[in-house]
Trainee: 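Structure in structure tokens, see below.
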Amino acid sequence: MTESASRKILAANWKMHGSKAMLGAYVARLKPVEAVELVLFPPVGYLGLAAELIGKMAPFVALGAQDTHERETGAFTGETSAAMIADLGGRYVIVGHSERRRYAHESDERIAEKAVAAFRAGLQPVVCVGETLEERTAGMAQTVVKRQLEAVAKALPSADYARLIVAYEPVWAIGTGRSATSAQVEEMHAFIRQARESALGSRTLSTVLYGGSVSENSAPGFFNLGSVDGALVGGAALDAERFVRIAELLRTAKC
Ligand code: PGA
């Protein structure tokens, strides 16, 4: 039986925001939050500096990149490999964020190759899945998420698939201030767990995060659901104090 323990994770996806000055001020305001792993995803160009700044806080703050290339090395101008992310001090990498799916036209198969590359380099991939508003309205939300998960399941050895962190991020909830309802999240997280268990043929306790307009106000509703292990936060995580406050809400939540 393949099992991996789920854990509480609060991740800050900075997207294309930040500066050296902002990073310094941000790290200085971070505080350890018991039993919650804080993971920062600054733009990849700031990763090395972030690793230096985090220094002694490394046991409770981890770093990651927002994307990776699927190949180890080669003539791919502008790209960063998973091994380079690890070399810069990253331990995590987001793959398949909806902004990459949309603006960089990344397919399910390519995203799966990126997850493979991440494990090969010793990184923990966080694979984002989620439906658009049109897909939800058409009653296709679960079909889309299933397709996105299946591509990754097909590409990864089952031991890695069991360790994968999945972030459910409905596209219509990202950066819109309109988060999903607790019922929608509960339903999709249960679906994700069940889809993974049936692909693995075994019980898995792996981590499933929610993302999409998470704030101090919306977070408790998600964190008190048994199926939510944490969140991937964009806008609200650009402010270190808000990020720590949301992490405190995760610490005290039932999940
Ligand atoms: P948001 O972004 O919190 O600003 O909606 C979340 C994400 O894109 O990961």
Side-chain angles (χ1 to χ4, degrees), residues 4-18 20 22-68 80-97 100 114-115 117-128 160 162-169 205-211 214 219 223 228-234 236-251 253 255:
S4 63
S6 62
R7 50 194 205 264
K8 289 186 176 185
I9 293 180
L10 194 72
N13 176 10
W14 279 24
K15 309 193 180 186
M16 200 170 70
H17 295 286
K20 287 197 284 184
M22 175 178 159
L23 190 60
Y26 193 97
V27 171
R29 285 180 173 80
L30 285 179
K31 293 191 180 74
V33 179
E34 198 192 326
V36 175
E37 182 165 15
L38 304 177
V39 189
L40 299 188
F41 293 93
V44 72
Y46 294 124
L47 212 49
L49 176 61
E52 276 172 38
L53 291 171
I54 278 169
K56 289 198 194 77
M57 283 189 283
F60 71 91
V61 183
L63 294 171
Q66 300 167 16
D67 182 38
T68 182
T80 307
S81 72
M84 291 167 187
I85 292 165
D87 195 29
L88 285 168
R91 284 178 33 218
Y92 288 79
V93 64
I94 297 172
V95 299
H97 190 281
R100 302 284 321 163
K114 290 180 180 215
F119 278 121
R120 194 172 52 219
L123 298 180
Q124 169 65 62
V126 177
V127 174
C128 298
D160 286 345
R163 289 193 292 134
L164 193 70
I165 295 177
V166 174
Y168 170 53
E169 296 209 310
L205 298 175
S206 53
T207 307
V208 185
L209 310 178
Y210 168 74
V214 172
F223 294 164
V228 176
D229 300 307
L232 181 53
V233 189
L238 287 172
D239 177 319
E241 265 107 30
R242 290 186 74 191
F243 184 56
V244 170
R245 275 205 296 278
I246 297 170
E248 283 292 342
L249 293 168
L250 181 57
R251 179 180 69 79
C255 69

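No hydrogens, no waters, no symmetry mates; every other heavy atom, side chains included, goes into these values. Along the sequence shown, residues are numbered consecutively beginning with 1.
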Trainee: If you round to the nearest 0.5 Å, how far is OG1 of T80 from CD of Q66?
Mentor: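 Going from CD on Q66 over to OG1 on T80, the span is 11.0 Å.
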Trainee: Please report the shortest heavy-atom distance between V228 and F223, naming the atom on each side.
Mentor: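 Looking at all heavy atoms of both residues, the shortest contact is CG1-CD2, 4.3 Å.
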Trainee: Looking at L209 and A231, what are the two nearest heavy atoms and their distance?
Mentor: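 That would be CD2-N, 4.0 Å.
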Trainee: Identify the two heavy atoms, one from V95 and one from T68, that lie closest to each other, and give their separation to 0.1 Å.
Mentor: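 Minimum heavy-atom separation between V95 and T68: CG1-CG2, 4.1 Å.
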Trainee: Which residues satisfy the side-chain hydrogen bond (donor to acceptor under 3.5 Å, both in side chains) test with R100, sequence neighbours excluded?
Mentor: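 By the side-chain hydrogen bond (donor to acceptor under 3.5 Å, both in side chains) rule, R100 matches D67, E106.
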Trainee: May I have the step-by-step check of side chain to side chain contact (heavy atoms under 4.5 Å, CB included) for V33 and F60, ending in yes or no?
Mentor: CA-CA 8 Å; V33 179; F60 71 91; over 6 Å; no
Trainee: Can you list every pair that meets salt bridge (charged side-chain N to carboxylate O under 4.0 Å, His left out) and has a residue in residues 43-65, with sequence neighbours left out?
Mentor: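 Pairs touching residues 43-65 that pass the test: none.
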Trainee: Please walk me through it: do K20 and L23 pass side chain to side chain contact (heavy atoms under 4.5 Å, CB included)?
Mentor: CA-CA 5 Å; K20 287 197 284 184; L23 190 60; 5.7 Å; no
Trainee: For the residue pair D229 and T207, what are the closest heavy atoms and their distance?
Mentor: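 Answer, listing the atom of D229 first, then T207: OD2-CA, 3.2 Å.
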Trainee: Identify each donor-acceptor pair in which a side-chain atom of residues 238-247 lies under 3.5 Å from a protein atom, sequence neighbours left out, and give them as a table.
Mentor:
residue	atom	partner	partner atom	Å
D239	OD1	E241	N	2.9
D239	OD1	R242	N	3.2
E241	OE2	R29	NE	3.3
R242	NE	E216	OE1	3.2
R242	NE	E216	OE2	3.0
R242	NH2	E216	OE1	2.9
R245	NH2	E216	OE2	3.1

Trainee: Closest heavy-atom contact between I165 and Q124?
Mentor: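 Closest approach of I165 to Q124: N-NE2, 3.3 Å.
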Trainee: Partners of E169 by side-chain hydrogen bond (donor to acceptor under 3.5 Å, both in side chains), sequence neighbours excluded?
Mentor: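 Applying side-chain hydrogen bond (donor to acceptor under 3.5 Å, both in side chains) to E169 gives H97.
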Trainee: Considering residues at least two apart in sequence or located in another chain, which fulfil the side-chain hydrogen bond (donor to acceptor under 3.5 Å, both in side chains) criterion with E248?
Mentor: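 Per chain and number, E248 pairs via side-chain hydrogen bond (donor to acceptor under 3.5 Å, both in side chains) with R251.
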Trainee: Could you pull out all residues at least two apart from Y46 that satisfy ring-ring contact (aromatic ring centres under 6.0 Å, His included)?
Mentor: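 Not a single residue meets the ring-ring contact (aromatic ring centres under 6.0 Å, His included) criterion with Y46.
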Trainee: Is there a side chain to side chain contact (heavy atoms under 4.5 Å, CB included) between L232 and I94? Walk through the geometry before answering.
Mentor: CA-CA 10 Å; L232 181 53; I94 297 172; 4.1 Å; yes
Trainee: For side chain to side chain contact (heavy atoms under 4.5 Å, CB included), just list the numbers for V126 and I9, CA-CA rounded to whole Å, side-chain angles, deciding distance to a tenth of an Å, and then say yes or no.
Mentor: CA-CA 11 Å; V126 177; I9 293 180; over 6 Å; no
Trainee: Which residues pass the side chain to side chain contact (heavy atoms under 4.5 Å, CB included) test with A118, not counting sequence neighbours?
Mentor: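 Here the qualifying residues are V93, L123, P125.
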Trainee: Where do A11 and F41 come nearest, in terms of heavy atoms and distance?
Mentor: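 It is CB-CE1, 3.6 Å.
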Trainee: List, one per line, each side-chain donor-acceptor pair under 3.5 Å for residues 84-92, sequence neighbours excluded.
Mentor:
residue	atom	partner	partner atom	Å
R91	NH2	E37	OE2	3.0
Y92	OH	R7	NH2	3.0
Y92	OH	E37	OE1	2.9
Y92	OH	E37	OE2	3.2

